[in-house]
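Owing to the predicted nature of the structure, the values given are computational and were not obtained by experimental measurement. All chains are named by letter (A, B, ...) in the order of the sequence lines, taking the proteins before the strands, and each is independently numbered beginning at 1.
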Amino acid sequence: MEKQSFGKKERVRKRKNYLDIYQRGRRVHSNNFTVILSPNPSGEKRLGVAVGKKVGNAVKRNRIKRLLREFFRLSKDRLPDSKDMVIIAKRDVSSLKYQDVCLELAELLKK
RNA sequence: AGAGCAGAUCGGAUGAUCGCGGGUCCGCCGUCGGCGGGCUGGAGGAAAGUCCGGGCUCCACAGGGCAGGAUGGUCGCUAACGGCGACUGGGGGCGACCCUAAGGAAAGUGCCACAGAAAAUAUACCGCCCCGAUCUUUUUCGGGGUAAGGGUGAAAAGGUGAGGUAAGAGCUCACCAGUUUCCCGGGUGACCGGGAAAGCUUGGUAAACCCCAUCCGGAGCAAGACCAAAUAGGGAAACACUUGAGGGCUGCCCGUCCGAAGUUUCCGGGUAGGUUGCUUGAGGCAACAGGCAACUGUUGUCCCAGAUGAAUGAUCAUCACCCCUUCAGGGAAACCUGGGAGGGGAACAGGACCCGGCUUACAGAUUUACUCUGACA
RNA sequence: CGCGGGUUGGAAAAGAGGUAAUUCGCUGGUCUCAUAAGCCAGAGACGGGAGUUCGAUUCUCCCACCCGCCA
């Protein structure tokens, strides 16, 4: 069985990395999210999450981040290796359920 | 029973699967460290706003004056406060109770639009009265007295009555209201109660300047300390004490300190990044004691988040809570009781150095004391 | 996280206790064969809630929103 953990190695953790990904990555948009994909040399697949202040207060922002990480964790095996991915939440999506998030992102990643 | 008022407590619970970050122990690889496993604990009453106060850290341990800021009934509590408690004055409510930036306007300055005669030194508009002139008289003009009457305004120069007067006026008197001073009694005090005298009365505004009293050094954990790739060439210490540029100490001044350029010695400084500060503390809980209370003391007991692109989530089940629909029983009905079935809801909100407060947001639940109205006894 | 500044018609922007200017835009009229320009007239605002005051856009306090600085 594929492991479903989500450790520190699998996160994008520095501002520099984010800037690199923003510059080099390919962007895909949907209603609520923007996904940026960029190759990275390390061999790992990594996730970064960006939720701006416009989206809501701290509770809402935290909830969105958790939902996005949950999605990444559970559908890791279907994602390509050696890719950095940053998901940006565009608006207040804290009322969405986890399943709604899954559907929308899965759609988005097919493109 | 209804309406209300002041507090206090809580802020869903349990389980399963997957997952996150901390501490600790064990094992393996092993230079830091990494990997795996076990155990343990992991957001709030406001964690929020950042409105105050303090601890802590650095700035040269910070002295004086001016400027600036804050507070403003009294007494207390406290590490401290702009907080809290008790009490006093004022205002509101039938009441429980609530609100109160509540020192000084008889230090000075300013302002008080429009209206009004006048907005503070009453320069008198109408009116009333006296005198003089004019004239047959009413009239008209001039000089003066008068704040009792008028209308205006948010606010009009103590109120009522009597005397008094040419007309009037605290001009005088009685009562009442208020101010200041003094005395007596009570209280730690704000102040309260009683009495006497004075001048006879003084507009409002200090969240206008200001005066008085008290307090305040500046920055802030992105403080500060340590390790240290890259890059750039200097940096630090000691001595000497002449000129002292320039800089720092709070905005300015005084005052004071460092100090370029000299000689000698030494090798360090520092960005990315990392470590530390970082959680045992004015700490929580319980009992007893002191105090009206805020709070304090003693004893016992407990260890309860330390992340850093930032950890608490997702899915499911059960049980409680609320709402809606439907069903059964009782009833004439309103409705009451039961809980079978289905559906929905569950607030405000997330630590970022730590505490004490304040303020603001908040579905609902539990509970205590008290007040008013109605009924019964 | 900490520290500062601001909010006035649709847009910009003065006013600092009593009447809210001004410019552009908008609407109607006039002029023109018609449009523009010009001229005349008009509508449309003090971020919300308390307090001080006779009276707050202005002063004080509390919220909301926006902007900036410190890596």
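Across all strands shown, B:G158 pairs with B:C176; the Watson-Crick or G-U wobble distances both stay below 3.5 Å. When both pairing distances are held under 3.5 Å, C:C61 makes a Watson-Crick or G-U pair with C:G49. In this structure B:C35 sits in a base pair with B:G27, meeting the Watson-Crick or G-U test at under 3.5 Å. Base pairing of B:G12 is made with B:C319, judged by Watson-Crick or G-U wobble geometry with both donor-acceptor distances under 3.5 Å. The partner of C:G68, taking Watson-Crick or G-U wobble pairs whose two distances both stay under 3.5 Å, is C:C3. Judged by Watson-Crick or G-U wobble contacts below 3.5 Å, the nucleotide B:A282 has no partner. Remark: B:A1 base-pairs with B:U373. Criterion, Watson-Crick or G-U wobble with two distances under 3.5 Å.
Counting all heavy atoms, side chain and backbone alike, A:L108 lies closest to A:S30 at CD1-CB, 3.6 Å. Between A:R11 and A:R46, the closest heavy-atom pair is O-CD, 3.8 Å. Looking at every heavy atom in both residues, A:K45 comes nearest to A:F72 through O-CZ, 4.1 Å.
Rounded to whole Å, the separation between the C1' atoms of B:C84 and B:G291 comes to 16 Å. Straight-line distance between the P atoms of B:G297 and B:C323: roughly 50 Å, to the nearest whole Å. With C1' as the reference atom, B:G168 and B:A147 are 9 Å apart, rounded to whole Å. The separation of B:U231 from B:C29, taken at their C1' atoms, amounts to 38 Å, rounded to a whole angstrom. A distance of about 15 Å separates the C1' atoms of C:G18 and B:A119, rounded to the whole Å. Annotation: B:U78 and B:C252 have their P atoms spaced 42 Å apart (nearest Å). For the P atoms, the distance from B:A124 to B:U165 is 27 Å, rounded to whole Å. Here the separation of B:G170 from B:U160, taken at their C1' atoms, is 14 Å to the nearest Å.
As judged by a 4.0 angstrom heavy-atom cut-off over every strand, A:R11 is placed among residues touching the sugar-phosphate backbone only.
Taken from NZ in A:K83 to CD1 in A:I36, the straight-line distance is 12.5 Å, to the nearest 0.5 Å.
OP1 or OP2 of B:A310 has at least one side-chain nitrogen or oxygen of A:R69 nearer than 4.0 Å. Residue A:N57 has a polar side-chain atom (N or O) positioned under 4.0 Å from OP1 or OP2 of B:G350. The side chain of A:R66 contributes an N or O atom lying less than 4.0 Å from OP1 or OP2 of B:U312.
Between the side chain of A:N62 and the backbone N or O of A:K65, no donor-acceptor pair lies under 3.5 Å.
Mapping A:K60 and A:E70 onto RNA chain B by nearest heavy atom places A:E70 at the nucleotide closer to the 5' end.
Each of B:G309, B:A349, B:A314 was ranked by its minimum atom distance to the side chain of A:V59; first place goes to B:A349.
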